[in-house]
Amino acid sequence: MTNVDAVDQLRASGVGHGDLVALAFAPGVGVAMATTGRSCSVPAAVADPVNVVRDVERELRPRWVMWSHATAVALVDDGVRVATAWDIAAVHRLIFGGGHADPARVWAQLHDLPLDALPNAGPPDLFTHAEYGDDDPDAPTRRDGYLGPDWIDGGWSKTLEHLARWAELAAIVAGYQQARLAGLADPQRAAMTARTESAAELLCAELSVDGLPVDRTVADALIAALVGPRPRNDADTVAQRARRDADVLRHAPPGVECDLRSPEQVKSLLRSVGVEVPDTRAWRLEKLRDMHPLVDALLTWRKAERVSTTYGYVWLDEHVRADGRLRGEWSGSDGAAGRMTASAGLHNMPADMRDAVVAEAGHVFVRADLGQIEPRVLAAVSGDAALALATLEDDLYAPVAQQLGVDRPTAKVAVLGAMYGQTTGHGARALRGLESAYPVAMTYLREADQAGQFRRELRTYGGRLIPMGSASTDDEMNERDARARAAARGRYGRNARIQGAAAELFKAWAVTVRARALPFDARIVLCLHDELLVQAPAGRGDDVAHLLDACLQEAAHRWAPDDRVRFVADISVIRRWSDAKE
DNA sequence: TGCGGCTATTG
DNA sequence: CACAATAGCCGCAG
């Protein structure tokens with residue numbers, strides 16, 4: 001089988017631009033492709049299997065069905081980047097909620113098979129042997145309908161025949177998923193979300209492989225300023241640590257021992273100098289800084305300790321490679337509401353450390369962040385005409401404040417409180433104002449709250465199921481605990497619907513930028529919930545800046561064709577991440 | 001060794 | 001100090 005054969009066979013079976021072609025890929029073994037319909041299966045083994053993918057992508061540009069974004073990572077590792085995908089794991093998380101989406105689970109849930117009877121991998125015990133001992137070990141499915149665990153474990157990368165079966169299964173599963181999406185409240189929009197989420201997985205694969213440009217020299221200097229020079233050996237590490245501890249403990253009464261890393265002991269330590277606190281959180285101690293020199297020393301110690309344990313030399317060595325790129329694992333929709341997540345500190349890097357994130361030679365960063373994204377999203381998904389009117393302003397809170405007859409900070413706290421589920425405190429009166437000014441939006445939030453409290457099925461605007469957990473522990477709780485939990489679920493549902501919809505819009509924007517930025521040789525290097533960092537050739541900075549705004553308008557229109565809601569982005573062309581004005 | 005609690009960082 | 005996340009260390013149970 002040659003590359004040309006693969007293209008011809010796919011073309012002959014009617015595959016064109018955007019049609020689904022399932023792909024199974026194992027480095028060193030080969031690549032298999034499959035389409036559904038007339039069960040046309042095209043396995044191919046050549047010297048360099050990714051060339052087949054590259055050729056088919058160029059000639060036919062199908063939508064590649066993959067079991068998970070691990071396939072995309074393997075492709076990107078081998079230098080192949082495809083335009084579009086149908087990521088089975090991502091679509092599964094959309095349809096069924098939650099984070100787990102391995103093939104066994106995906107198959108079972110699509111067939112309405114109970115998950116608690118999911119067969120385990122490993123050597124068969126007496127029971128399973130008696131029950132399924134005469135199942136065909138080479139067939140993927142068992143007589144009870146589940147995927148066979150031994151087939152799954154042994155089947156991924158062993159032989160080309162197995163790869164072909166995986167590709168065929170993927171094509172079938174994608175079809176089942178499309179049928180499920182067609183049964184949701186808004187099938188068109190759910191299918192669009194599935195495509196967007198899949199493209200976001202491709203972006204995640206690229207982010208994982210490409211990494212974020214970091215200037216090691218700057219990073220080293222920043223760390224040195226906070227915790228001192230890089231320790232020469234383990235003994236040096238211990239000595240530096242002891243010295244930092246001693247700087248705090250010298251303020252304690254003589255003879256008082258304390259492990260500063262133990263909150264309970266720190267509380268005792270504080271008590272020994274006359275400072276009584278229920279916990280030792282920084283925001284609480286901040287107000288007591290002047291009460292005793294020990295408090296100030298402790299807060300300084302905490303800062304340095306944080307850097308040395310989490311964002312220090314160890315972190316740099318572990319995640320920044322010789323090419324000056326900080327790499328973490330990216331996930332397109334981990335978490336409750338479907339936000340992107342990243343490891344290696346990419347999403348919670350201390351602001352000071354952003355000085356070290358510098359565009360590479362001959363390049364600039366184009367940074368863009370969405371303004372007031374959550375209230376704008378609320379206006380869009382709820383269809384509240386009055387709130388939509390407020391989004392026409394650059395600062396949405398200004399007209400809201402005017403409407404409510406309160407100052408801007410109060411209006412902001414009230415709106416955020418409504419979305420997070422705060423019902424007490426200073427914003428309570430303004431909250432009632434919101435009810436009468438924006439009843440449609442407030443009803444939308446209240447319905448999400450109720451759904452959460454009563455564990456009713458709840459989906460985001462784009463169709464993602466918001467996982468509610470199980471009710472199994474409810475009876476073990478007393479009345480008050482149960483009510484508190486229900487209230488927490490209410491806040492969770494309320495927020496997940498907004499945060500989740502915001503994540504969907506953000507991803508629609510990001511994948512649009514991914515596609516449109518290619519001709520400019522610009523690449524997204526970081527996604528941060530409402531912020532994009534793009535690296536572009538130095539001469540293209542302004543072009544890409546305009547592109548980012550155009551992509552936002554395009555994505556917003558596609559995501560919510562009701563153009564009454566305005567979305568805005570703050571965009572700047574910079575050399576280092578910290579140069580962006582805030 | 002695994003897990004909940006506490007703490008800090010980000011959006 | 002509501003909502004979400006990652007990540008480290010401590011203390012305790014198994």
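Residue numbers start from 1 in every chain, and the chains themselves are labelled A, B, ... in the order their sequence lines are given, proteins ahead of strands. Because only heavy atoms are used, hydrogens play no part in the values below, and waters and symmetry mates are left out as well, while side chains stay in. Please read these numbers as outputs of a predicted model, since none were measured by experiment.
Atom CZ of A/Arg354 and atom C1' of B/dT9 are 10 Å apart (whole Å). Atom CZ of A/Phe506 and atom P of B/dG11 are 12 Å apart (whole Å). Straight-line distance from the CE atom of A/Met353 to the C1' atom of B/dA8: 14 Å, rounded to whole Å. Between the CZ atom of A/Arg302 and the P atom of C/dA7 there is a distance of 21 Å, rounded to whole Å. Atom C1' of nucleotide B/dT10 and atom CH2 of A/Trp330 are separated by 12 Å, given to the nearest angstrom. Residue A/Leu346 contributes atom CG, which lies 13 Å from atom C1' of B/dT9 at whole-angstrom precision. Separating the CG atom of A/Leu370 from the P atom of B/dG11 is a distance of 13 Å, rounded to the nearest angstrom. Regarding A/Leu260, its CG atom lies at a distance of 15 Å from the C1' atom of B/dC6, rounded to whole Å.
Residues of residues 270-289 of chain A that place a heavy atom closer than 4.0 Å to DNA chain C do not occur.
In terms of heavy-atom proximity, A/Met291 sits nearest to A/Gly274 at CE-O, 3.7 Å. Scanning both residues, A/Gly332 and A/Lys507, for their nearest heavy atoms gives O-NZ, 2.7 Å.
OP1 and OP2 of C/dG8 both lie 4.0 Å or more from every side-chain N or O belonging to A/Arg306. For B/dC6, the OP1/OP2 oxygens have no side-chain nitrogen or oxygen of A/Lys267 closer than 4.0 Å.
The pair A/Arg230-A/Asp220 counts as a salt bridge, with a side-chain nitrogen and a carboxylate oxygen less than 4.0 angstrom apart. With respect to A/Arg241 and A/Asp236, no salt bridge is recorded, no charged nitrogen being found less than 4.0 Å from a carboxylate O. Between A/Arg261 and A/Glu305, at least one side-chain N (NZ, or NE/NH1/NH2) sits under 4.0 Å from a carboxylate O, which counts as a salt bridge.
Under the 3.5 Å distance criterion, the side-chain polar atoms of A/Arg489 are matched with a main-chain donor or acceptor of A/Gln453. In this structure, A/His319 contributes its side chain and A/Gly345 its backbone to no donor-acceptor pair below 3.5 Å.
Using a 4.5 Å cut-off on side-chain heavy atoms (C-beta onward), A/Trp330 and A/His347 make contact.
A cation-pi contact links A/Arg189 to A/Tyr461, judged by a cut-off of 6.0 Å to the six-membered ring centre and 45° from its axis.
In the displayed structure, A/Asp234 atom CG is contacted under 6.0 Å by at most 12 heavy atoms of other residues, nucleotides or ligands.
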Polar atom pairs (N or O), protein with nucleotides 2-5 of chain C, under 3.5 Å:
from, atom 1, to, atom 2, distance (Å)
C/dA2, O3', A/Arg491, NE, 3.3
C/dA2, N3, A/Gln422, OE1, 3.2
C/dC3, OP1, A/Arg491, NE, 2.8
C/dC3, OP1, A/Arg491, NH2, 3.2
C/dA4, O4', A/Gln499, NE2, 3.1
C/dA5, OP1, A/Ala336, N, 3.1

All N/O pairs under 3.5 Å across the protein-nucleotides 9-13 of chain C interface:
from, atom 1, to, atom 2, distance (Å)
C/dG11, OP1, A/Ser262, OG, 3.0
C/dG11, OP1, A/Gln265, NE2, 3.3

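For the pairing with A/Ser308, the side-chain contact (heavy atoms from CB on, under 4.5 Å) check across A/Val314, A/Ile223, A/Val227, A/Leu226 returns one residue only, A/Val227.
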